[in-house]
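As the structure lists them, so they are numbered: ligands from 1, and atoms in each ligand from 1. From a predicted model like this one, the values you see are computed outputs, not experimental measurements.
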Amino acid sequence: MTMPNIQKMTVKDIKQQAKTISEKSAIPTFWITDWLLYVINKPALFLMTDPDYLLSATEQERFAAGITQMHNGIPLAYLTGTQEFWSLGFKVNEHTLIPRPDTEVLVEQVLHWIASQPNDSTPNNTAPKRLLDLGTGSGCIAISLAHELKHASWQVTAADLSLEALKVAQSNAVSNEVDVKFVHSSWYQALPIHENELFDVIVSNPPYIDENDEHLQRLQAEPISALSAPNYGLADIEHIVQQAGIYLRAGGLLAIEHGFDQGLAVRQLFLNNNFNAVKTVPDYGGNERVTLGCLATIDS
Ligand code: GLN
């Protein structure tokens with residue numbers, strides 16, 4: 001019996017093919033080269049230093065199977081099971097949104113606000129500060145913030161409705177060596193309403209894509225509940241902003257990621273719900289992406 005004649009492939013061949021594949025499909029070139037590196041278990045530099053490396057038959061098969069999955073709409077991060085965010089490694093799967101670089105703007109803004117706060121270290125003010133991340137998914141926001149605030153006195157709580165997502169987030173907190181309290185909750189629903197348990201910061205990257213947005217088709221591998229919301233994508237943002245006053249201390253920060261065309265609507269929601277110092281910050285592409293505001297104090 002003759003074996004089918006599978007053409008042997010080198011790193012150089014794949015690099016060349018990557019450009020063609022990418023041009024003909026929506027697959028980014030770096031997904032193909034990153035997938036190659038993952039399959040052959042080599043660092044990025046290998047692409048430059050070892051163009052003549054010949055893939056084994058098993059490697060070649062695995063590589064090809066991954067490219068087929070990409071053609072079927074599976075993103076690279078679900079194939080490797082990981083995504084970098086805030087220079088930390090996060091496990092991801094089909095139950096979690098894949099962290100996006102623009103969400104780092106949200107993390108940056110929260111840290112910036114915290115750093116700008118006067119340091120109140122009076123003896124009767126030793127209680128840790130409290131931060132809440134709503135709809136934590138992979139946990140990327142809560143964990144990155146907990147990582148940055150590790151040596152400050154902050155307690156980070158993260159909530160999600162999906163138990164599967166919470167499992168992933170919990171394992172990411174362990175692998176990144178941070179302490180985060182996870183709560184199974186639909187937005188605020190399972191959180192205590194208590195004067196002593198108010199949050200200093202509430203942060204969220206909720207689903208905000210309009211249910212009829214054509215971009216959703218390209219994101220079909222990710223959980224729809226993490227991506228899209230009724231009322232032109234504003235329903236969950238509206239709920240979070242409207243209820244924030246119950247859980248946030250006066251003067252506390254609310255920071256929300258939203259769609260590029262939702263800035264005006266979200267600022268209006270903040271203003272209608274007793275927030276001041278309301279502003280929107282652009283993402284790395286210059287689009288309005290994160291709106292922040294402070295809950296009005298009685299005298300403000
Ligand atoms: N907080 C997670 C992230 O920003 C999940 C967000 C979501 O599922 N909408 O990636």
Under 4.0 Å between a side-chain nitrogen and a carboxylate oxygen: does that hold for Lys279 and Glu288? no

What I want to check is whether the side chains of Glu257 and Thr103 have a donor and an acceptor closer together than 3.5 Å. yes

Would you mind writing out the side-chain donor-acceptor pairs for residues 69-80 within the sub-3.5 Å range, not counting sequence neighbours?
unit_1: Asn72; atom_1: ND2; unit_2: Thr68; atom_2: O; d: 3.4
unit_1: Tyr78; atom_1: OH; unit_2: Asn93; atom_2: O; d: 3.4
unit_1: Tyr78; atom_1: OH; unit_2: Thr96; atom_2: O; d: 2.6
unit_1: Thr80; atom_1: OG1; unit_2: Leu76; atom_2: O; d: 3.4
unit_1: Thr80; atom_1: OG1; unit_2: Thr82; atom_2: N; d: 3.4
unit_1: Thr80; atom_1: OG1; unit_2: Thr82; atom_2: O; d: 3.3
unit_1: Thr80; atom_1: OG1; unit_2: Thr82; atom_2: OG1; d: 3.4

Could you pull out all residues at least two apart from Tyr53 that satisfy side chain to side chain donor-acceptor pair (under 3.5 Å)? Glu59

Look at Asp200 together with Arg130 and state whether they make a salt bridge at an N to O cut-off of under 4.0 Å. no

List in chain and number order the residues that pass ring pair (Phe, Tyr, Trp, His ring centres under 6.0 Å) with Phe90, two or more places apart in sequence or in another chain; answer none if no residue qualifies. none

Could you list, one pair per line, each nitrogen or oxygen of ligand 1 together with any protein nitrogen or oxygen closer than 3.5 Å, giving atom names and the distance rounded to 0.1 Å?
unit_1: ligand 1; atom_1: 1 (N); unit_2: Gly135; atom_2: O; d: 3.2
unit_1: ligand 1; atom_1: 1 (N); unit_2: Thr136; atom_2: O; d: 3.2
unit_1: ligand 1; atom_1: 4 (O); unit_2: Asn205; atom_2: ND2; d: 2.8
unit_1: ligand 1; atom_1: 9 (N); unit_2: Asn205; atom_2: O; d: 2.9
unit_1: ligand 1; atom_1: 9 (N); unit_2: Ala226; atom_2: O; d: 2.8

